[in-house]
Number of protein chains: 2
Amino acid sequence: MPIDPTSRIRRFNRAVTAEVGALDTSFLGRGRPLGAARVLNAIGHGRGEVGLLRDYLGLDSGLLSRFLRGLEEEGLVVTLPHPGDARRRVAALTEAGRREFSAYEALSNDRAAELLARFPKGEELLRAMDLVATALGRDRIAIEETDPRGEAALHCLTAYYAELGRRLSTGFDVSLSRDPEAADMMRPRGVFLVAVSDGLPIGCVGLKGKGGEMAEIKRLWVCPSARGLGLARRLMEAAESAARTLGITTLRLDSNSALTEALALYRRTGWVEIDRFNDDPYPDFFFEKRL
Amino acid sequence: MPIDPTSRIRRFNRAVTAEVGALDTSFLGRGRPLGAARVLNAIGHGRGEVGLLRDYLGLDSGLLSRFLRGLEEEGLVVTLPHPGDARRRVAALTEAGRREFSAYEALSNDRAAELLARFPKGEELLRAMDLVATALGRDRIAIEETDPRGEAALHCLTAYYAELGRRLSTGFDVSLSRDPEAADMMRPRGVFLVAVSDGLPIGCVGLKGKGGEMAEIKRLWVCPSARGLGLARRLMEAAESAARTLGITTLRLDSNSALTEALALYRRTGWVEIDRFNDDPYPDFFFEKRL
DNA sequence: AAAAACCTCTGACTTACGTCAGAGAAATGC
DNA sequence: GCATTTCTCTGACGTAAGTCAGAGGTTTTT
């Protein structure tokens with residue numbers, strides 16, 4: 001009877017293979033082979049360029065070409081030359097293609113919803129799935145510059161504020177804190193970075209500049225399922241290197257003694273403690289780092 | 001940017017598909033198509049009967065037959081008539097087949113070990129995988145009678161004692177408790193049941209009889225990743241129905257006030273509190289149920 | 001003892017997927 | 001301006017996998 005780690009992983013593989021297989025089978029229900037369905041869905045998700053499609057789906061150029069022609073004959077897709085480079089082609093869904101795409105989306109969503117409904121501990125299951133997905137896709141975590149008012153940023157910030165509320169003994173109310181202006185966290189004054197794993201935002205950091213040589217690090221957060229992977233450090237390094245490209249020479253940040261992992265990280269990575277430099281009610285630790 | 005539950009599940013699917021695909025690819029390295037490799041592995045795992053193989057792998061009888069013949073030609077497998085029914089056939093590995101099977105096992109184990117090594121939070125990942133596997137394979141949880149000294153039972157009991165140690169304010173030392181004799185939890189006096197999900201034991205319960213009409217429920221435990229699925233209830237029902245087949249009319253059990261979920265379950269399912277009936281130092285609640 | 005049901009195997013066929021070489025059009029380098 | 005590189009597409013070919021009908025055994029039923 002297997003109980004060792006490898007057996008547990010292999011049990012997981014078996015369970016998951018069955019689940020994925022079942023989803024594929026339900027996709028077959030629309031009378032189209034899986035390959036063509038995958039292409040249609042990738043186009044629907046915005047991967048119109050043929051080169052992108054090839055990379056994303058890992059297909060041979062000949063095979064992909066055939067799939068595209070098949071979808072064109074079905075009237076679901078049109079391909080046009082790329083505006084800037086006429087060698088390349090871009091595929092787009094027709095009206096019928098969009099309908100077909102939504103049908104696949106619905107199948108996929110239904111399966112997900114059904115799985116959740118079948119399992120009483122929904123949120124716990126989702127957290128476990130996030131953790132596994134992050135672990136498996138670890139090499140695929142990308143750090144991207146984004147608009148601090150965008151959806152990805154908002155998701156991270158909401159989770160960040162909620163966590164502060166739980167961890168600070170005083171609670172946390174954004175409106176009492178000095179909420180950085182969005183423009184201060186966008187080029188040319190600063191940046192806002194999110195870590196994205198397979199489409200899901202799982203961490204963020206803001207660099208808030210005033211146009212001078214001094215800038216502040218704000219809103220460093222990593223989603224619980226992705227902690228312990230050194231992601232916070234990667235985010236901080238990315239923020240510092242962005243700061244350098246903006247001509248910034250000194251970074252500051254404030255933090256709270258309840259956030260012990262963060263404080264440990266700052267101390268490990270060359271930050272030095274300085275005197276209070278603002279009157280924000282929440283922070284009680286202040287750091288500086290010269291680049 | 002997707003954050004809703006279905007997107008999270010779909011991200012999980014993508015991550016996991018890539019992982020499973022990578023395992024399949026590594027299986028291809030042994031110069032044999034995937035179908036044949038799956039058959040070989042199923043035989044190695046004890047599914048020798050052709051009918052069983054067909055069901056387990058979901059193959060057409062013609063296709064399976066071809067795979068078997070291919071493996072026979074390679075000298076990895078021999079098929080013999082079924083001892084009791086000459087229409088059926090049973091496949092078995094030859095010496096060379098066993099070697100090849102171990103090579104596949106090694107590949108599988110290596111991949112699992114590598115995944116674990118790559119991820120700093122190993123135990124957490126394993127727990128998440130257990131939870132997901134249990135959720136996906138929920139309909140496949142089987143309750144089986146087993147030897148209370150067997151490996152599956154031991155795994156559950158070790159986890160059970162460890163949990164008691166954590167949860168009882170006094171700690172827990174098995175030797176101080178009245179450890180039921182194994183024979184009292186095997187037919188004809190009692191039974192020991194484990195819940196098995198895809199080969200992994202995830203819960204247990206013992207029915208300890210003395211040969212009379214009275215028996216005791218012992219060692220009810222459900223693995224944390226499988227809680228909230230009503231498994232404890234299923235185990236108790238299975239134990240009760242086993243008790244009925246043994247001619248037992250009254251059940252008793254003792255428990256501890258720290259085990260609140262268990263107490264709630266007993267109260268919900270027709271057990272009534274009675275006076276202390278033993279001098280075991282740990283329990284402080286005593287229940288009885290007439291069948 | 002004959003009929004019916006059952007199990008595995010074989011041969012013929014189809015489909016999905018993938019590979020490879022090279023053609024044709026467009027962009028880039030010198 | 002010409003050679004080289006970069007993309008996409010087409011045609012020819014190969015392999016893995018799956019389907020179907022029926023043959024040839026064995027067992028069960030009546």
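Convention: sequence-line order gives letters A, B, ...; per-chain numbering from 1. Because the structure is a prediction, the values reported are computed rather than measured. Atom set for the values below is all heavy atoms of this structure, side chains included, hydrogens, waters and symmetry mates excluded.
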- [ ] Taking A:T94 for its side chain and A:G75 for its backbone only, find out whether a donor-acceptor pair lies under 3.5 Å.
- [x] yes

Open item on the list: Using whole Å, what does the distance between atom P of nucleotide D:dT6 and atom NE2 of A:H82 come to?
Closed with: 17 Å

Task: D:dT4 base / A:R87 side chain donor-acceptor hit below 3.5 Å - done: no

- [ ] For B:D85 and D:dT29, give me the distance from atom CG to atom P, rounded to whole Å.
- [x] 12 Å

Task: Donor/acceptor link under 3.5 angstrom from B:R66 side chain onto base of D:dG18 - done: no

Task: Atom-pair distance (CG on B:L57; P on D:dA16), nearest Å - done: 18 Å

Task: Euclidean distance, atom CZ of residue A:R38 to atom C1' of C:dC17 [Å, nearest integer] - done: 11 Å

TODO: Pick base, sugar-phosphate or nothing for B:L59, based on heavy-atom distances below 4.0 Å to the nucleic acid.
DONE: sugar-phosphate

- [ ] Just call it for B:R54: base, sugar-phosphate, or nothing, with non-hydrogen atoms closer than 4.0 Å on any strand.
- [x] sugar-phosphate

TODO: Scan residues 44-53 of chain B for pairs that pass salt bridge (Lys or Arg N to Asp or Glu O under 4.0 Å), counting only residues two or more places apart or in two chains.
DONE: B:E49-B:R88

Open item on the list: Rounded to whole Å, please give me the gap between CD in A:E73 and C1' in D:dC9.
Closed with: 14 Å

- [ ] Scan B:G51 against the nucleic acid and name what it touches under 4.0 Å (heavy atoms): base, sugar-phosphate only, or nothing.
- [x] sugar-phosphate

TODO: Please state whether the base of C:dT15 and the side chain of A:R32 form at least one donor-acceptor pair under 3.5 Å?
DONE: no

TODO: With DNA chain C as reference, determine whether A:L34 or B:S61 sits nearer its 5' end, using the nearest nucleotide of each.
DONE: B:S61

Open item on the list: Checking B:R111 against B:S26: is there a side-chain donor and acceptor pair closer than 3.5 Å?
Closed with: no

Open item on the list: Any salt bridge linking B:R98 with B:E95? Criterion: basic side-chain nitrogen under 4.0 Å from a carboxylate oxygen.
Closed with: yes

Task: Nearest-nucleotide pick for A:P33, side chain only, options being D:dA17, D:dT27, C:dC17 - done: C:dC17

Task: Of the listed nucleotides D:dT10, D:dT27, D:dT19, the one nearest the side chain of B:L63 - done: D:dT19

- [ ] Report the distance from atom CG of A:L53 to atom P of D:dC7, rounded to the nearest whole Å.
- [x] 15 Å

Task: Contact nearer the 5' end of DNA chain C, comparing A:D60 with B:R88 - done: B:R88

TODO: Give the rounded distance in Å between these two atoms: CZ of B:R89 and P of D:dG24.
DONE: 17 Å

TODO: For A:R69, report the nucleic acid contact type (base, sugar-phosphate, nothing); a contact means any heavy atom under 4.0 Å.
DONE: sugar-phosphate

- [ ] List the steps, then state whether salt bridge (charged side-chain N to carboxylate O under 4.0 Å, His left out) holds for B:R8 with A:E123.
- [x] CA-CA 11 Å; B:R8 288 164 75 182; A:E123 183 52 35; 3.5 Å; yes

Open item on the list: Using whole Å, what does the distance between atom P of nucleotide D:dT19 and atom CZ of B:F67 come to?
Closed with: 12 Å

Open item on the list: By nearest atom, which of the nucleotides D:dC9, D:dT26, C:dT8 is closest to the B:A86 side chain?
Closed with: D:dT26

